[in-house]
Amino acid sequence: MSENYLGCTIPKLGFGLMRLPQKDGIIDVEQVKKMADHFMAKGFTYFDTAYVYGGGASELAAKEAIVSRFPRESFQLADKLPVIDIKKEEDMEAFVQTSLERTGAGYFDFYLLHSLNASKVEICDKFNAWDYMLKLKERGIAKHVGFSFHDSAEVLDRILTDHPEMEFVQLQINYADWDSANVQSRACYEVARKHNKPVLIMEPVKGGSLATMTPDIQAKFKAANPDVSVSSWAVRFAASLDGIITVLSGMSDLQQMEDN
């Protein structure tokens with residue numbers, strides 16, 4: 001992949017809006033505003049939400065904390081089509097319009113078919129989701145189209161072979177899953193590279209589990225470099241890979257953001 005790939009200029013930490021801070025059981029939008037301010041002030045620009053996150057509350061928080069407060073061209077917003085919920089072809093347009101309304105974004109810089117695996121590929125085939133995604137590009141609703149993925153490298157290879165029009169792929173990559181027979185982080189990453197597709201990384205800290213390891217493991221990290229946090233090793237591992245658009249972290253408070 002050349003140095004001049006899709007997303008090469010995007011800073012390599014993205015703000016995942018799935019695990020936002022809560023207060024009294026609802027998203028604490030005022031804290032999200034402070035986090036967005038800090039994130040943007042440090043030069044980072046990529047925000048990631050989805051139709052299903054928080055039953056729509058994440059998209060609404062994106063509107064209030066980000067879209068309404070920063071010039072639209074100053075950040076990238078990614079959103080996702082809930083493939084599992086498509087029951088008829090018309091559903092896709094309804095989902096997109098709802099996401100546009102909730103976020104107030106006008107358009108999405110990156111729009112994804114959400115969480116593809118072998119069975120969801122069948123749904124996409126049945127309802128012409130691939131063609132629909134391209135039409136979103138033609139209409140200016142999506143700048144770039146791709147998909148997030150949870151399955152084997154073999155299934156990923158088949159999708160990218162059949163659908164070279166997909167511009168990027170979002171993968172679960174972290175050092176714990178790198179050689180996992182289940183997640184297949186390395187194998188999936190290598191398939192994406194083979195097809196010359198840039199990669200969005202999700203779960204770099206494996207849902208926080210790589211930040212809270214046993215004292216003996218933490219001690220080894222601290223012995224190697226006492227000045228950096230345990231979780232930062234995971235973020236740096238992911239961000240050091242070639243062909244990365246950005247590394248998404250589902251940050252839940254300002255402290256996590258500052259560490260990242």
* Asked: Is Leu77 linked to Leu248 within one hydrophobic cluster, defined over Ile, Leu, Val, Met, Phe, Trp and Tyr using a side-chain heavy-atom separation of less than 4.5 Å?
  -> no
* Give a yes or no on whether a salt bridge exists between Asp177 and Arg186, defined as a side-chain N under 4.0 angstrom from a carboxylate O. => no
* 4.5 Å side-chain heavy-atom contact, Ile66 and Leu17 -> yes
* Just by modelled atom types, is the Pro21 backbone N or O under 3.5 Å from a matching donor or acceptor in the Ser252 side chain? -> no
* To do: Go through the steps to decide whether Asp28 and Leu20 satisfy the test side chain to side chain contact (heavy atoms under 4.5 Å, CB included), and finish with yes or no.
  => CA-CA 8 Å; Asp28 182 356; Leu20 293 174; over 6 Å; no
* Do Leu6 and Phe44 share a hydrophobic cluster, counting only Ile, Leu, Val, Met, Phe, Trp and Tyr and linking them when any side-chain heavy atoms are less than 4.5 Å apart? -> no
* **side chain to side chain contact (heavy atoms under 4.5 Å, CB included) assessment of Met166 paired with Met133** => CA-CA 9 Å; Met166 294 291 104; Met133 295 289 277; 4.2 Å; yes
* To do: Report yes or no: does Asp253 contribute a side-chain atom to a donor-acceptor pair with the main-chain N or O of Gln256 at less than 3.5 Å?
  => yes
* **Any donor-acceptor pair under 3.5 Å from Arg193 side chain to Tyr189 backbone** => no
* Among side-chain atoms of Asp79 and Thr103, is any donor-acceptor pair under 3.5 angstrom? -> no
* Asked: Would a line drawn from the ring center of Phe237 to the ring center of Trp178 be shorter than 6.0 Å?
  -> yes
* Quick one: closest heavy-atom pair of Glu167 and Lys137, and the distance? => OE2-NZ, 3.2 Å
* To do: Output yes when a side-chain donor or acceptor of Lys206 lies under 3.5 Å from a complementary backbone atom of Pro204, and no otherwise.
  => no
* To do: Please check if the side chain of Gln218 supplies one atom and the backbone of Met213 the other of a donor-acceptor pair under 3.5 Å.
  => yes
* Is the number of heavy atoms from other residues, nucleotides or ligands within 6.0 Å of CD (Glu258) greater than 12? -> yes
* Quick one: does Val121's side chain get under 4.5 Å of Asn117's, heavy atoms only? -> no
* Aromatic centroids of Phe47 and Phe39 separated by under 6.0 Å -> yes
* **4.5 Å side-chain heavy-atom contact, Leu200 and Tyr46** => yes
* Output yes when a side-chain donor or acceptor of Thr98 lies under 3.5 Å from a complementary backbone atom of Ala94, and no otherwise. => yes
* Asked: Does one side chain, of Asp125 or Trp130, offer a donor that lies under 3.5 Å from an acceptor on the other?
  -> yes
* Interatomic spacing from OG in Ser115 to NE2 in His150 - rounded to 0.5 Å -> 4.0 Å
* Does any N or O in the side chain of Lys197 come within less than 3.5 Å of the main-chain N or O of Gly146, such that one atom is a donor and the other an acceptor? -> no
* Asked: Which heavy atom in Ile86 sits nearest to a heavy atom in Leu81, and how many Å separate them?
  -> CD1-CD2, 4.2 Å
* Asked: Is the shortest side-chain N to carboxylate O distance from Asp227 to Lys222 below 4.0 Å?
  -> no
* **Lys194 atom NZ: more than 12 heavy-atom contacts under 6.0 Å** => yes
* How about Asn182: does its CG atom have over 12 heavy atoms from other parts shown lying under 6.0 Å from it? -> no
* Backbone of Ala105 reached by a side-chain donor or acceptor of Arg72 within 3.5 Å -> yes
* To do: Check the hydrophobic clustering (I, L, V, M, F, W, Y; side-chain heavy atoms under 4.5 Å; chains of links allowed) and say if Met202 and Val169 are grouped together.
  => no
* Group every Ile, Leu, Val, Met, Phe, Trp and Tyr by side-chain heavy-atom contacts under 4.5 Å, then state whether Val205 and Ile245 land in the same group. => no
* Structure fact -> Closest non-hydrogen contact found for Ile159 with Phe149 is CD1-CE1, 3.8 Å
* Side-chain donor or acceptor of Asp259 paired with backbone N/O of Gln255 under 3.5 Å -> no
* Asked: Is there a side chain to side chain contact (heavy atoms under 4.5 Å, CB included) between Thr49 and Met18 once you walk through the steps?
  -> CA-CA 7 Å; Thr49 186; Met18 183 170 71; over 6 Å; no
* Least distance between heavy atoms, Leu241 atom then Ile244 atom -> O-CG1, 3.1 Å
* Does Phe147 offer a backbone N or O that forms a donor-acceptor pair with the side chain of Gln170 under 3.5 Å? -> no
* Nearest 0.5 Å, what's the CE-CZ distance between Met40 and Arg69? -> 9.5 Å
* Asked: Is Lys33 paired with Glu30 through a side-chain N to carboxylate O contact shorter than 4.0 Å?
  -> yes
* **Student check: side-chain heavy atoms of Cys124 and Leu116 closer than 4.5 Å** => yes
* Asked: Below 4.5 Å, heavy atoms only, C-beta onward: do Phe108 and Lys143 meet side chain to side chain?
  -> no
* NZ/NE/NH1/NH2 to OD/OE distance under 4.0 Å, Arg19 and Glu203 -> yes
* Kindly give the heavy-atom pair with the smallest separation between Cys188 and Val183, and that separation in Å. => SG-O, 4.1 Å
* Asked: Do Phe75 and Leu100 share a hydrophobic cluster, counting only Ile, Leu, Val, Met, Phe, Trp and Tyr and linking them when any side-chain heavy atoms are less than 4.5 Å apart?
  -> yes
* Tyr51 vs Glu59 side-chain heavy atoms within contact, under 4.5 Å -> yes
* Structure fact -> OH (Tyr175) and OG (Ser185) are apart, to the nearest 0.5 Å, by 12.5 Å
* Do Arg236 and Ser232 have side-chain N/O donor and acceptor atoms under 3.5 Å apart? -> yes
* Test log, rule side chain to side chain contact (heavy atoms under 4.5 Å, CB included), inputs Asp48 and Lys80 -> CA-CA 9 Å; Asp48 172 88; Lys80 307 183 191 75; 2.8 Å; yes
* Asked: From Leu136 CG over to Leu134 CG, what is the distance, rounded to the nearest 0.5 angstrom?
  -> 9.0 Å
* Structure fact -> Heavy atoms of Ser74 and Thr45 approach each other most closely as O-CG2, 3.6 Å
* Asked: Is any side-chain heavy atom of Glu101 closer than 4.5 Å to a side-chain heavy atom of Gln97?
  -> no
* Point-to-point distance, once rounded to the nearest 0.5 Å, from CG of Asp151 to OG of Ser119 -> 8.0 Å
* To do: Evaluate the side-chain proximity of Ile141 to Val96: yes if any heavy-atom separation is below 4.5 Å, no if none is.
  => yes
* Quick check, are the ring centers of Phe168 and Phe110 under 6.0 angstrom apart? -> yes
* With rounding to the nearest 0.5 Å, note down the distance linking NE2 in His144 to CG in Asp109. => 7.5 Å
* Asked: When Glu90 is tested against each of Glu93, Lys88, Met92 for side chain to side chain contact (heavy atoms under 4.5 Å, CB included), which residue passes?
  -> Lys88
